[in-house]
Structures are given as structure tokens and as C-alpha cells.
A.B. asks: 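Dumping the structure here so I can ask a few things about it.
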Protein chains: 2
Amino acid sequence: MGNEKELLNVSKATIGRLPAYHRYLQEKLAAGEKTVSSTAIAEELHLSAVQVRKDLSAIAREAGKPKLGFTVADLIADIDRFLGYDNLNDAVLVGVGGLGKALAGYSGFKHYGLNIVAAFDADPARIGTSIGGIKVFPAEELARLVRRLNVLIGIIAVPKEAAQGAADELVKGGVRAIWNFAPVHLNVPANIAVKNEDMAASLAILSKRLAEILNNEK
Amino acid sequence: MGNEKELLNVSKATIGRLPAYHRYLQEKLAAGEKTVSSTAIAEELHLSAVQVRKDLSAIAREAGKPKLGFTVADLIADIDRFLGYDNLNDAVLVGVGGLGKALAGYSGFKHYGLNIVAAFDADPARIGTSIGGIKVFPAEELARLVRRLNVLIGIIAVPKEAAQGAADELVKGGVRAIWNFAPVHLNVPANIAVKNEDMAASLAILSKRLAEILNNEK
DNA sequence: ATTTTATCGATAAAAAATTATCGAAAGAAG
DNA sequence: CTTCTTTCGATAATTTTTTATCGATAAAAT
């Protein structure tokens, strides 16, 4: 019975903002505040209050109260539930060079529902080592081990030349979602979700905004 | 005279896609192909051909030719010019822990017009070292050095507790754009551009897509 | 107890982004 | 040389996302 509605009808844009709300709410919770208004959230995050209300109404179970706003703890619980922060998804990491090492060492992913259970690398010098408690296995074992562990999420942090190969192996192992940090477009079957962490795109947007700002001043 | 039009009228969504086009075009160039059609680009990148044409028409100087498509080399040049890939912007990096080290060591930023000229860290053990040719200075010198070097872009890769402080120092030093990798919302004056590299948001979107895919199957 | 104020949710309007349609042009094929 | 095919650019339609408006409600203030 019935939380299908939730998956639908919530726009990607909204989903993308939820983690920011979540962080803000955690701050408020830590500060001991019981309720928070859409106006306050909006001001802090540079959004409009209407948008905040709309986003929250899409995923919150309890309504906000006039004059008081929303209950902080309830909202956090709602976002946790909606984004699945309260039940961990296993993932594997491919590539433990500079970026991969950083990702493996970042303990925060657990709070976001992501649990890295194994890492892989082609470099023999790295195999057998451990980073942040995650063991590094040889690349050859990727597909086999992924299948055995029944992991559905793969994180690609290899140099761009190796990225497509890594993706192929992940798919072969039965992964259904790939978080790609390599600056290349991956070719995968249609029923596999790919999210490119495209830093070049972020940078492009940032530098255009910078250009605008400088332009408005002169 | 006259490239003001370019800054305006190009949507953020379009700008965000340009780096992907750029990468695809580089591949085609390397493969020796002279021209490429919007259909081909669209298919590879899982977009619609109309959208590709619209995006390109917003920034390209030459029109595409019926039956042939666009000239690969021209398009690359157009994107280079539009995104500023051909003239480097200086930047400083704050924080050379795991992620900061990875960013400093990534040589690819130069291709995206970003030149990291100095790094800063609070940990004495790191000061004076060099990562990827970038020297690490003490955090206390941040504002002063940024001002002296006349750097306009700051990259924050410190733990979240230190991020707001880093932002404050960057702003004090005269930075006008901040690329924030720490998972916190930064409070800065209105005339400073902030781009949050929000991995939690990416992850949220990815896992929702995964959930959808799995849902559609059963 | 009444008024004032801050806030909400719902609905409507506007803006932005994507997709569809179609005539025209340029090369390829016959 | 004519026809066919691919592709373009422009315009229109649609969809999605954001913003505006407004009556209702609950707490706070008078």
C-alpha cells in the first residue's frame, strides 16, 4: 500500500534541494529550535518562501502551522524517509587514486544512505590496502565480487581513459546505478541510471555567474 | 563592442550541458571526423536533437549545414570561447586534506580555464609542502595573499566546520566566486557567486532514479 | 475578547525549458 | 538534372518550474 505517489510527482529540482533543507534543519535542531518557517529557510538558502513550501509539501507528512511554521524534527524525519537516509544502500568504488581515496575516506556518505563496501583498482601497489576501512581488491575481480555482494550502486573514480571499461564491468556485475566522477560520457544500457558528477559543468556555471557579476559592476 | 548578448540569453541549463558537448566533440575530433550532426550528439548524450541544436545555436557563430551538420573544430572553438576555456582564471584552494589534495592533483582543470595558483591549510604539517606543483601556505595568510595575487575564485575543500570561516577569509581577500565542496550552506554577501558542489544532492537524484528503475521492473 | 500579525496551503499566473512541427537547403542517389 | 534523404533553423505548442496572490488560521498582542 501506497507510497508510490511519493516517487512520482516530486521533481528532480525539488529532490536536488532537499539535502540543503536537510542540512539547514539539522543546524536548527542542533540549535534547539523546535519550529522553522518557510520564510526563514528561504532567506538562508536564497530561495523563495513559496518554493520552499511547495518542495516541502511534496514530501512532508505533517502540514505546517500558521504563525509557527514547520516542526524541525518532523521535517528532518520526512526528508530522511523520502531520500532513504535511514536505510543504507551498498556501493562499490572503482579507482582509489586521488579522488577515489578522498571519496573512500569521506565518512559522511553514511549519513546520506550510502555504504561503500569494497573498492577496486588496477594498480597492484594499491591492492590489499585499506582506506577508511574499505578494502581494495584487484580490478579483475570487480564483476564477480559485485555480483556476489549483490551491490546495486557503483562509483567510478578512475582516470577518464579507464572509465568506460569500469562502467562495463560494473554493469556486468549487475550494478543498476552509476555515480560517475570521470569527465567522460558513459555508454550503458538504458535501464541503468547514470549520474555524472560533472565538475566542468559546475565550473562553467560558476564562471558565467562570476562574469555576470563583474559585468554588472563596470 | 558586442558580445554582451552572449552572456545573456543563454540559460543555465544550456551552460551546464556545454561541457558534455565539448567532451563529445573532442572525441570526434580525435577520431578525425570533420562534421557531426545534432542527431548524433543527441543520441550519444541521451538528449533530444532539437535541444542540442537549440543549445548550440545559442553559442555558435557558424550555422550548421543541412545534410552535414556542424563543423567539429568550429564548435569546439565556439564552446572554448564561450566558456572561457582559452583564457585561464586564477584560483586558490582552501584545504588540502583528502578532497583538496585530489583537486590539487587533478591536472585537468587547466583545460577548463582554471588555474590554481596557491593552496592554504591550517595544519602545520601540510604547510610548505607542494601538491601537483601547488604550494601550501598557512591559513592565516589567506586573505592577504589572495588580495596580493588578485585572485577572484576560491575553492573550499575543508571540513564543514571550517567552511564558513574559509569563505569569510576568501571574501575578505577580495574573491568574487566560491566553489564550495563542503556540505554546508555558506553565508556570503550578495555580490559573490557561490556554487555548491553538492554531492548529497547528486546522490539523492541518483538513488531516486535507481528506485524508479527497480520499481518499474517488478 | 478582539485585533493584529506571521504564516500556511491552494490556486492562478508567469517564466523557463523542452519538445514538436515544418519548410528550406544541401548533398547523395538515381 | 531531378528526386530523395538528411539535416538545419525558426516558430509554435507543450510541459515543467517558479513566482504571485489571496483567503484562512493560529498564536501573540492589545
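No experiment lies behind these values; they were computed from the predicted model shown. Note on naming: letters A, B, ... go to the chains in the order of the sequence lines (proteins, then strands), and numbering restarts at 1 for each one.
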A.B. asks: With under 30° as parallel and over 60° as perpendicular, where do the rings of B/W179 and B/F181 fit, or are they tilted in between?
C.D. replies: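 Plane angle between 30° and 60°, so tilted.
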A.B. asks: Can you check the B/D55 CG to C/dA16 P distance for me, whole Å?
C.D. replies: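 Nearest whole value for this atom pair: 16 Å.
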A.B. asks: Can you check whether B/S48 has a side-chain N or O nearer than 4.0 Å to OP1 or OP2 of C/dA20?
C.D. replies: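 False: B/S48 side-chain N/O out of range (4.0 Å or more) of C/dA20 OP1/OP2.
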A.B. asks: Between the side chains of B/K28 and B/E44, is the shortest nitrogen-to-carboxylate-oxygen separation below 4.0 Å, so that they form an ion pair?
C.D. replies: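 The answer is no: the pair does not qualify as a salt bridge.
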A.B. asks: Indicate the ring-plane relationship of B/Y106 and B/Y112, choosing parallel, tilted or perpendicular according to the 30° and 60° boundaries.
C.D. replies: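 B/Y106 and B/Y112: tilted rings.
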A.B. asks: Once you apply a heavy-atom cut-off of 4.0 Å, does B/S11 come out as touching a base, just sugar-phosphate, or nothing?
C.D. replies: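 The answer is sugar-phosphate, as B/S11 gets under 4.0 Å only of primed atoms, P, OP1 or OP2.
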A.B. asks: Starting from P on D/dT15, measure out to NZ on A/K12 and report it in whole angstrom.
C.D. replies: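 Computing the A/K12:NZ to D/dT15:P distance gives 18 Å.
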A.B. asks: Between the side chains of B/K172 and B/E169, is the shortest nitrogen-to-carboxylate-oxygen separation below 4.0 Å, so that they form an ion pair?
C.D. replies: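 Yes.
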A.B. asks: Taking atom C1' of C/dG27 as reference, at what distance in whole Å does atom NZ of B/K65 sit?
C.D. replies: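 Those two atoms, NZ and C1', are 10 Å apart.
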A.B. asks: Please give, in whole Å, the distance from C/dT18 P to B/L47 CG?
C.D. replies: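 To the nearest whole Å, that distance equals 9 Å.
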A.B. asks: Quick check on D/dC8: is either OP1 or OP2 less than 4.0 Å from any side-chain nitrogen or oxygen of B/S38?
C.D. replies: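 Checking B/S38 against D/dC8: at least one side-chain N or O falls below 4.0 Å of OP1 or OP2.
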A.B. asks: Relative to the 5' end of DNA chain C, which residue comes earlier, A/K54 or A/L68, by the nucleotide with the nearest heavy atom?
C.D. replies: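 Closest to the 5' end, via its nearest nucleotide, is A/L68.
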A.B. asks: Could you check A/P66 against A/V50 and say which one's nearest nucleotide on DNA chain D is further toward the 5' end?
C.D. replies: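 Its nucleotide being nearer the 5' end, the pick is A/V50.
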A.B. asks: To the nearest Å, how far apart are B/E62 CD and C/dA25 P?
C.D. replies: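 Atom-to-atom, B/E62 to C/dA25, this comes out as 20 Å.
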A.B. asks: Roughly, in whole Å, what's the span from CZ in A/F70 to P in C/dA6?
C.D. replies: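 Going from CZ in A/F70 over to P in C/dA6 covers 17 Å.
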A.B. asks: Does C/dT18 have OP1 or OP2 sitting under 4.0 Å from an N or O in the side chain of B/R17?
C.D. replies: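 For B/R17, the contact criterion (side-chain N or O under 4.0 Å from OP1 or OP2 of C/dT18) is met.
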A.B. asks: Map A/K67 and A/S57 onto DNA chain C by nearest heavy atom, then report which one ends up closer to the 5' terminus.
C.D. replies: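 Its nearest nucleotide lies further toward 5', so the answer is A/K67.
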A.B. asks: In whole angstrom, give the distance that lies between atom CD of A/Q51 and atom P of C/dA14.
C.D. replies: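 A/Q51 atom CD is separated from C/dA14 atom P by 19 Å.
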A.B. asks: Starting at atom CG of B/L56, determine the distance to atom P of D/dG9, rounded to an integer number of angstrom.
C.D. replies: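 Rounded to the whole Å, the gap is 8 Å.
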A.B. asks: Base, sugar-phosphate or nothing for B/A49? Non-hydrogen atoms, less than 4.0 Å.
C.D. replies: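 Touches nothing.
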A.B. asks: With respect to B/I156, which candidate in B/I178, B/N196, B/V194 satisfies the side chain to side chain contact (heavy atoms under 4.5 Å, CB included) definition?
C.D. replies: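 Answer after filtering B/I178, B/N196, B/V194: B/I178.
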